Amino acid sequence: MAKVSVSIPQGTRDFGSEVIRKRDYIFSTIRNVFELYGFEPLETPAMENLETLMGKYGEEGDKLIFKILNNGLDNPDKEKQVKADLEKLLQGKTVKGITERALKYDLTIPFARYVAMNHHQLVFPFKRYQVQPVWRAERPQKGRYREFYQCDADVVGSHSLLNETELATMYKAVFEKLNIPVEIKINSRKFLTSLSKRCGESVRITDFTIAIDKMEKIGLEKVKEELSQKGLNKEQVSIIEKYLLISGNNQEKIIQIKEVLGNDEECQKGIADIEFVLNHLTPNISIVTPGEAEGLPPATSIVTPSAAEGLQLTLDPSLARGLNYYTGIIFEVKAKGVQMGSIGGGGRYDDLTGLFGVPNIPGVGISFGVDRIYDVMEELNLFPMHVQVGTQVLFFNLGDQESRKAFEWLQQLRQKGIRSELYHEFAKFEKQFKYAEKKKIPWIIIIGDKELKENTCTVKNLAFGGQQTIPAGELINFPF
RNA sequence: GUAGCCAUAGCUCAGCUGGUUAGAGCAUCAGAUUGUGGUUCUGAGGGUCGUGGGUUCGAACCCCAUUGGUUACCCCA
């Protein structure tokens with residue numbers, strides 16, 4: 001056999017049937033929840049104009065955008081211009097003459113571009129969901145691919161915090177259906193702007209959000225080191241340290257945030273936002289002072305909306321998120337018991353369409369990382385058996401006459417919607433059994449000369465090993 | 001973009017400080033077995049040891065380069 005030496009680009013993957021079935025299970029779970037909450041589908045092109053994407057994800061982000069080489073660069077008439085452009089490219093600039101299109105990096109910016117282009121005809125608040133692949137030119141590693149799917153749900157044109165509340169509930173709904181134990185973290189970017197103000201105007205927000213965000217991963221000391229390296233003085237670092245040391249339950253954290261950040265307006269707004277969401281989600285354990293709690297009539301603690309029941313959000317002041325367009329509440333979802341980056345994230349952005357010349361359209365959205373969710377579910381063995389079953393029934397092929405009969409009944413089962421197939425040729429039992437096993441087909445039907453004479457068939461369950469011979473007429477009603 | 005680790009049969013790997021003809025399990029195929037698999041037994045096929053160069057009497061093993069994979073950093077789903 002000749003040795004083939006073909007491959008696919010680094011960080012991309014082919015998906016076989018088994019994997020696709022499992023992925024589809026995740027996709028449809030997410031889609032169903034999106035639809036249930038009144039979101040409508042949208043798809044945008046795989047590629048965008050480069051200028052649409054550049055500068056939206058920070059300096060690092062720009063480097064990670066997959067740029068597409070222009071066609072026709074070898075045109076002799078353009079040689080001089082192309083060479084000049086190439087010189088600029090070598091200096092680290094992006095040049096239209098060389099590249100003017102790029103693969104999309106996430107779903108949020110293309111969505112903002114879409115809203116900016118179509119805001120006259122959209123019904124606001126506009127709620128859309130989007131399930132598409134995105135591309136990032138990073139080095140692949142665990143839980144990180146160069147091509148991966150995001151599932152986003154965003155609401156634009158509304159300041160209401162009810163949106164945040166609903167999105168949080170959607171996170172819970174999806175992960176509960178998928179049976180993944182998660183911690184859903186919440187925070188407000190407003191705390192971080194307030195914090196940056198306290199540190200003085202000289203400090204750039206992006207400089208320390210990234211550092212603060214690593215709190216859980218690398219610990220306080222390393223974060224402090226990184227902050228010093230970024231040019232913050234001791235006083236500034238110590239303010240941030242106080243902020244990072246905030247701990248306790250959500251209520252206790254809110255009190256400490258007030259203490260650390262003071263009466264700052266941003267901070268107060270942030271607290272109001274967080275309290276709004278937390279109160280809506282868990283009305284029976286609403287934030288009250290101990291004195292008030294004593295006076296509560298017993299009845300008020302009974303009401304709990306079922307959708308939000310058991311939804312626990314963890315207020316995490318160190319949650320920052322790298323993308324710099326967030327301005328309000330931010331979310332991040334981590335799977336419990338697995339070593340894996342976040343499997344979901346999102347937040348509020350006040351003016352994303354402003355980047356495209358249409359100001360004053362606020363938005364908030366969440367994203368699911370399907371590929372990471374898949375890896376988590378695989379690791380925790382969470383895929384139900386039934387999603388892995390393709391064909392339900394296999395008819396054995398035991399000869400010419402026998403297979404004609406089988407073919408007839410095969411069509412009847414298909415009419416009933418039972419996924420079934422007939423082994424493609426006469427072969428010995430072992431071979432046909434092994435085929436069924438490998439394809440994880442749970443039922444087989446044997447029609448041999450015995451059955452042919454009696455007008456019966458033998459139905460066998462491969463998982464349990466039991467079998468029974470039934471009259472032909474009953475096959476159609478057999479509970480596969 | 002930076003750094004570490006890895007590359008031997010279709011898959012997972014073993015292979016001693018460099019020494020005859022490179023091994024195992026699983027998988028595949030054939031037979032025992034012309035109506036019962038997952039769980040029996042027997043046998044067979046399958047490798048220019050990622051690629052290119054070097055050291056050596058001799059290289060899967062040591063050195064250099066290169067390609068691919070993987071993990072971490074940066075950043076993020």
Side-chain angles (χ1 to χ4, degrees), chain A residues 1 3-13 26 30 57-65 92 104-108 131-152 171 206 209-211 213-214 217-218 222 226 229 320-324 331-335 339-346 365-376 394 396-399 402 423 426-452 457-469:
Chain A
M1 214 203 302
K3 202 151 201 175
V4 286
S5 63
V6 286
S7 64
I8 53 175
Q10 194 181 37
T12 65
R13 294 147 307 153
I26 300 173
I30 294 172
Y57 310 105
E59 240 171 88
E60 282 303 309
D62 285 352
K63 291 183 196 162
L64 302 179
I65 295 170
K104 65 174 174 248
Y105 180 88
D106 73 352
L107 302 179
T108 310
V131 177
Q132 287 192 276
V134 299
W135 294 267
R136 295 186 188 176
E138 298 175 285
R139 275 296 156 81
Q141 54 180 280
K142 189 180 179 188
R144 167 181 291 175
Y145 305 97
R146 288 185 146 182
E147 179 186 58
F148 62 97
Y149 267 78
Q150 288 192 328
C151 305
D152 280 28
Y171 263 143
T206 46
T209 48
I210 289 171
D213 202 37
K214 291 180 193 161
K217 196 172 175 186
I218 63 177
K222 289 263 171 79
E226 198 164 322
Q229 274 173 10
R321 310 224 8 102
L323 298 170
N324 49 22
F331 296 109
E332 194 161 289
V333 184
K334 288 212 68 176
Q339 191 68 37
M340 178 67 73
S342 60
I343 55 177
I366 55 171
S367 178
F368 292 82
V370 171
D371 302 79
R372 284 187 178 175
I373 291 172
Y374 180 95
D375 291 346
V376 167
L394 174 72
F396 271 24
N397 186 330
L398 299 174
E402 291 88 341
Y423 195 79
F426 173 65
K428 57 186 197 178
F429 267 62
E430 187 175 332
K431 208 160 182 180
Q432 304 198 41
F433 267 119
K434 288 208 163 141
Y435 177 79
E437 252 167 60
K438 277 181 199 156
K439 285 191 73 174
K440 295 189 174 148
I441 300 172
W443 297 94
I444 57 142
I445 295 179
I446 296 168
I447 301 170
D449 50 4
K450 225 189 286 173
E451 287 85 356
L452 214 50
C457 62
T458 300
V459 181
K460 176 164 181 162
N461 183 295
L462 290 195
F464 303 111
Q467 70 178 50
Q468 55 181 303
T469 301

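Here is the naming used below: chain letters follow the sequence lines, and residue numbers restart at 1 for every chain. Keep in mind that what you see is a predicted model, and the values were worked out from it rather than measured.
Counting any heavy atom pair closer than 4.0 Å across all strands shown, Ser367(A) reaches no nucleic acid atom. Note on Glu402(A): nothing from the nucleic acid sits closer than 4.0 angstrom, heavy atoms only. In this structure, Gly61(A) reaches neither bases nor backbone, as no heavy-atom distance under 4.0 Å exists between it and the strands shown. When heavy atoms are screened at a 4.0 angstrom cut-off, Asp106(A) is found touching no nucleic acid atom at all. Among the protein residues, Lys440(A) comes within range of no part of the nucleic acid, since none of its heavy atoms lies under 4.0 Å from any strand. Among the heavy atoms of the strands lying under 4.0 Å from Arg321(A) are primed sugar atoms or P, OP1, OP2 only; no base atom is included. Across all strands shown, Ile373(A) has no heavy atoms under 4.0 Å from either base or sugar-phosphate atoms. Residue contacts for Gly341(A): at a heavy-atom cut-off of 4.0 Å it reaches no nucleic acid atom on any strand shown. Heavy atoms of Phe368(A) sit nowhere under 4.0 angstrom from any nucleic acid atom.
Relative orientation of the Tyr105(A) and Tyr57(A) rings is tilted, given thresholds of 30° and 60° on the angle between their planes.
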Using a cut-off of under 3.5 Å, enumerate the N/O to N/O pairs linking the protein to nucleotides 38-45 of chain B.
{"residue": "G38(B)", "atom": "O4'", "partner": "Glu437(A)", "partner atom": "OE1", "Å": "3.4"}
{"residue": "G38(B)", "atom": "O4'", "partner": "Glu437(A)", "partner atom": "OE2", "Å": "3.0"}
{"residue": "G38(B)", "atom": "N2", "partner": "Leu462(A)", "partner atom": "O", "Å": "3.1"}
{"residue": "G38(B)", "atom": "N2", "partner": "Ala463(A)", "partner atom": "O", "Å": "3.1"}

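Using P as the reference atom, A60(B) and G53(B) are 14 Å apart when rounded to the nearest Å. U70(B) and A27(B): their P atoms are spaced 26 Å apart (whole Å). Straight-line distance between the P atoms of G23(B) and C49(B): roughly 14 Å, to the nearest whole Å.
Atom-to-atom, CD1 of Ile366(A) to C1' of C76(B) comes out at 18 Å; the value is rounded to the nearest Å.
Residue Gln10(A) has a polar side-chain atom (N or O) positioned under 4.0 Å from OP1 or OP2 of G69(B). Remark: Lys438(A) is in phosphate contact with U28(B), judged by side-chain N or O atoms under 4.0 Å from OP1 or OP2. When the side-chain nitrogen and oxygen atoms of Lys214(A) are compared with OP1 and OP2 of C75(B), one or more of them lie within a distance under 4.0 Å. Distances shown here put every side-chain N or O of Gln141(A) at or beyond 4.0 Å from the OP1 or OP2 atom of U70(B).
When base pairs are accepted only as Watson-Crick or G-U wobble with both N-N or N-O distances under 3.5 Å, RNA chain B takes part in stems of 3 or more pairs at B:1-7 with B:67-73, B:10-13 with B:23-26, B:28-32 with B:40-44, B:50-54 with B:62-66.
A ring-centre distance under 6.0 Å is found for Tyr171(A) and Phe368(A).
Toward the 5′ end of RNA chain B lies the nearest nucleotide of Arg139(A), the other residue of the pair Val333(A) and Arg139(A) mapping further downstream.
Rounding to the nearest 0.5 Å gives a distance of 10.0 Å between CD1 of Ile444(A) and CD of Glu437(A).
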